[in-house]
Q: 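Please read through the structure below; I'll follow up with questions.
So that the names make sense, note that chain A is the first sequence line, chain B the second, and so on, each numbered from 1.
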Amino acid sequence: MLDIKLIRKEPEMVKESLRKRKSDPSLIDRLLDIDEQRRDNIGKADELKNTRNVESKKIGKMKKEGKDIQPQAKKVREIGDEIKRLNDEIRSLDVEIYEIMSVIPNIPSEKVPPGKDDSENVEVRRWGEIPEFSFTPLPHWDIGEKLDILDIPRAVKLSKTRFTLLKGMGAALERALTSFMLDVQTRERGYTEILPPFLVNPESMLGSGQLPKFEEDLFKCEKYNLYLIPTAEVPLTNYHANEIIDEEDLPLYYSGYSACFRSEAGSAGKDTRGLTRNHQFDKVELVKFTHPDNSYDELEKMLNDAEEILKRLKIPYRVMIICLGDLGFTPVFKYDLEFWAPGQNRWVEVSSCSNCTDFQARRANIRFKSRKGGKPDYVHTLNGSGLAVGRTLAAVLENYQNEDGSVTVPEVLRPYMHGLEAIMMTEAG
RNA sequence: GGAGAGGUGGCAGAGCUGGUCGAAUGCGCGCGACUGGAAAUCGCGUCUACGGGGCAAAACUUCGUAGCGUGGGUUCGAAUCCCACCCUCUCCGCCA
C-alpha cells in the first residue's frame, strides 16, 4: 500500500512508476478523483455531525426542564438522515479507494536496474569455485532416486504431481539443513526463532501483499476461511500487525521455519523435475522490522546472513540484483542468491532478500514511536530466505555427489547427522 | 462440540437504571522540582485515525469528527439497550 498523501502530492511520479511496471497509470486519476469526493463528503458529514451533537445535547437539557422535545427531536432526526446518506457514499468510496490502492505495486528504488525480465538481472558477485567432476554429474533427482532418499512417484500417488517425498537419509538431511540454518540465524545472527501457524486468515495475506492480487497462487482452506502460507514471511511479517513498536526496540529480527504451499499457477512446464518447484517445500525465513533510516543497510546484512549458509556449506553461488521487470509487487529492491547446480549445469535460485520499505507496514499497520513522544511512523519490513531448504538439499546432493553414487555430507551438517560422513547406496532407506 | 462468564486506554480496573465519558482511580511511562547522586515525595503531562485551518513542508499547533473486541441495529443521543460474528477464561466431552 502506498501513501495516499504521496499520490496526491506527486501523481506523475507514481504514474511513471506504474508505466515502468506495465500497470495502468489511469488508475491514479480515477483514485485522485474518488479521493477528492471522499474528502468533500467527510467534510460535509463532519459538519452535520457537529450540528447534531450540539442540537442533541439541547434535548437532554429540555427534557430535564420538562419541555416538549418533539419538535427539536424531529429536526435532529432529519440531520441524522442526511448524515446516513453521506456515510453510505463515503463508505462506497472507501471501498473503491481500497480496491485501487491494494493493487498498486510498490515504487521501485532508483537503484533497481532496468530490464524486462529475469534475463536482465545483474550479477554483483560470485563466491566459491565451480567444481570440476571427473565424471558426468547427475541432477539431484537422479541422485536422490538412486540412493532411495527421494521418492517422487510415491508422493504423486499420495497427493498429486509436484509433490515430493523424502525418505531415510534424505529426510534426515532436510531436517539437518533446517536445524543448521536456524541455529546459525538464531544463535549467531541475532534472530528470534518463531514457529508460526501454517494456516493464516485473509487479513494476514492482505497485510503482506499476497491478497487481493495473487489469490490464485495460494491454497485455500475454504471451509475455515484460512489460507496455507506460501512462505513464513506472511506470519512473521504480520506478527506485529496493528502494533506500535517502541522505537528503542528496533530493529527486530525474526527467523522461522515453515512448510510453504504454493499452487504454482502459471508455472506449467517449468522446473518440472526434482525439488526445484513444488506445491510444498520447507523454508527458513528471515524477517526484519527496521527504522526507515537504515532499511537498506539492514538488507545488506540480511543478504550476508543468507550467504553465510551457503558459504558454510561450501556451495558456490552468485548474488543477483533483480531488475525492474522481475521485481514483483511488494519490494522496492531485491537480491537473489543462486547456487551452482552442476547436475543441471545452471544457476538455481535459493534465496530472495527484499526491502519492502513501508509498503507492507502500511497494509498491516505496523508502526513505531519514540517513548519521548512524536507521531508514530511506519516501520520498514524486510524479508529473505535463509534459505529454501528443499533447493539447498538439491544443491548439496549435486555439489557433493561422488562417482560411486554416494553423497558426502557437508562437514557443518555432520553434527546434525550423528556424524554421518556420506550417504551411500547401501545405507539408503 | 455442550454449559456458563467475560472482552474498556501500555497494564490493572471503574462506568454498563442511555445524555455533562476519550472515558474515574491506580500502576507504568515522559518532563520538571527536590537531592552530591539516587530512592521516596510533589507538580505537569501521557491514545489513535480521519477531515479542515495555520506552516514552503515535516514536526508542531488549532478546530471538528470517529473509536470502549468487530460489524450491524434501536434512539434526537449508545462504552452503556438489541442482533450477528470473532476472541478469551472456567467446567464437561473429544483428541495428538
Q: Send over the distance from A:Ile83 CD1 to B:G51 P, rounded to a whole Å.
A: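 It is 19 Å, rounded to the nearest whole Å.
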Q: Quick one, give me the B/S/- string for nucleotides 64-78 of chain B, reading 5' to 3', where B means a protein heavy atom under 4.0 Å from the base and S means that only happens at the primed atoms, P, OP1 or OP2.
A: BSS-----S-S-BS-
Q: Show me, pair by pair, the donor-acceptor contacts under 3.5 angstrom made by side chains of residues 382-394 of chain A, not counting sequence neighbours?
A:
residue: A:Asn383; atom: ND2; partner: A:Glu233; partner atom: OE2; Å: 3.3
residue: A:Ser385; atom: OG; partner: A:Ser352; partner atom: N; Å: 3.0
residue: A:Arg391; atom: NE; partner: A:Thr276; partner atom: O; Å: 2.7
residue: A:Arg391; atom: NH1; partner: A:Glu349; partner atom: O; Å: 2.8
residue: A:Arg391; atom: NH2; partner: A:Thr276; partner atom: O; Å: 2.6
residue: A:Thr392; atom: OG1; partner: A:Ala388; partner atom: O; Å: 2.5

Q: Hey, can you pull the residues of residues 358-367 of chain A with a non-hydrogen atom under 4.0 angstrom from RNA chain B?
A: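 Contacts with RNA chain B under 4.0 Å: A:Arg367.
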Q: For RNA chain B, determine which residues of residues 243-253 of chain A have any heavy atom closer than 4.0 angstrom to one of its atoms, and list them numerically.
A: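 Result for residues 243-253 of chain A: none.
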Q: Holding to ring-ring contact (aromatic ring centres under 6.0 Å, His included), I want the full list of residues that pass it with A:Phe329, two or more places apart in sequence or in another chain.
A: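 So A:Phe329 forms a ring-ring contact (aromatic ring centres under 6.0 Å, His included) with A:Phe214, A:Phe359.
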Q: Roughly, in whole Å, what's the span from NZ in A:Lys369 to C1' in B:A49?
A: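 Going from NZ in A:Lys369 over to C1' in B:A49 covers 13 Å.
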Q: Give every residue pair that meets the salt bridge (charged side-chain N to carboxylate O under 4.0 Å, His left out) criterion with at least one member in residues 240-256 of chain A, sequence neighbours excluded.
A: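 Listed once each, the pairs are A:Asp246-A:Arg371.
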Q: Below 3.5 Å, can you tabulate the donor-acceptor pairs from side chains in residues 94-102 of chain A to any protein atom, sequence neighbours excluded?
A:
residue: A:Asp94; atom: OD1; partner: A:Arg38; partner atom: NE; Å: 2.6
residue: A:Glu96; atom: OE1; partner: A:Arg30; partner atom: NH2; Å: 3.3
residue: A:Glu96; atom: OE2; partner: A:Arg30; partner atom: NE; Å: 3.0
residue: A:Glu96; atom: OE2; partner: A:Arg30; partner atom: NH2; Å: 2.4
residue: A:Ser102; atom: OG; partner: A:Tyr98; partner atom: O; Å: 2.8
residue: A:Ser102; atom: OG; partner: A:Glu99; partner atom: O; Å: 3.3

Q: Starting from P on B:U48, measure out to CZ on A:Phe368 and report it in whole angstrom.
A: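 The answer, rounded to whole Å, is 13 Å.
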Q: Mind checking salt bridge (charged side-chain N to carboxylate O under 4.0 Å, His left out) for A:Lys58 and listing every partner two or more places apart, or none if nothing turns up?
A: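 Only A:Glu55 meet the salt bridge (charged side-chain N to carboxylate O under 4.0 Å, His left out) criterion with A:Lys58.
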Q: Could you pull out all residues at least two apart from A:Arg154 that satisfy side-chain hydrogen bond (donor to acceptor under 3.5 Å, both in side chains)?
A: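 Residues passing side-chain hydrogen bond (donor to acceptor under 3.5 Å, both in side chains) with A:Arg154: A:Asp151.
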Q: Mind checking which stems touch RNA chain B? I mean at least 3 consecutive Watson-Crick or G-U pairs, both distances under 3.5 Å.
A: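 Stems found: B:1-7 with B:86-92, B:10-12 with B:25-27, B:28-33 with B:41-46, B:47-54 with B:60-67, B:69-73 with B:81-85.
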Q: Scan A:Lys44 against the nucleic acid and name what it touches under 4.0 Å (heavy atoms): base, sugar-phosphate only, or nothing.
A: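 Touches nothing.
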Q: So, is A:Arg38 close to the B:G52 phosphate, meaning a side-chain N or O under 4.0 Å from OP1 or OP2?
A: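 For A:Arg38, the contact criterion (side-chain N or O under 4.0 Å from OP1 or OP2 of B:G52) is not met.
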Q: May I ask you to decide if A:Ser204's main-chain N or O and A:Asn238's side chain share a donor-acceptor pair within less than 3.5 Å?
A: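 Flag set: sc A:Asn238 to bb A:Ser204 pair under 3.5 Å.
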Q: For a quick check under 3.5 Å, do A:Asn365 and A:Arg367 share a side-chain donor-acceptor pair by atom type?
A: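 The criterion, which ignores hydrogens and geometry beyond distance, is satisfied for A:Arg367 and A:Asn365.
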Q: Who passes ring-ring contact (aromatic ring centres under 6.0 Å, His included) against A:Phe339, sequence neighbours left out?
A: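 By the ring-ring contact (aromatic ring centres under 6.0 Å, His included) rule, A:Phe339 matches no residue at all.
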Q: With sequence neighbours excluded, tell me which residues meet ring-ring contact (aromatic ring centres under 6.0 Å, His included) with A:Tyr296.
A: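 Not a single residue meets the ring-ring contact (aromatic ring centres under 6.0 Å, His included) criterion with A:Tyr296.
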Q: Taking atom types as modelled, find out whether A:Asn121 and A:Asp326 have a side-chain donor-acceptor pair closer than 3.5 angstrom.
A: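 The answer is yes; a qualifying pair exists.
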Q: P atom, B:A79 versus B:U74: distance in rounded Å?
A: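 My reading of the P atoms in B:A79 and B:U74 gives 16 Å.
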Q: Going by atom types only, do A:Thr186 and A:Glu193 share a side-chain donor-acceptor pair under 3.5 Å?
A: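 Their side chains do not contain a donor-acceptor pair, so the 3.5 Å distance test is not met.
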Q: Roughly how many Å is it from NZ in A:Lys9 to P in B:A56, rounded to a whole number?
A: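 Roughly 14 Å, once rounded to whole Å.
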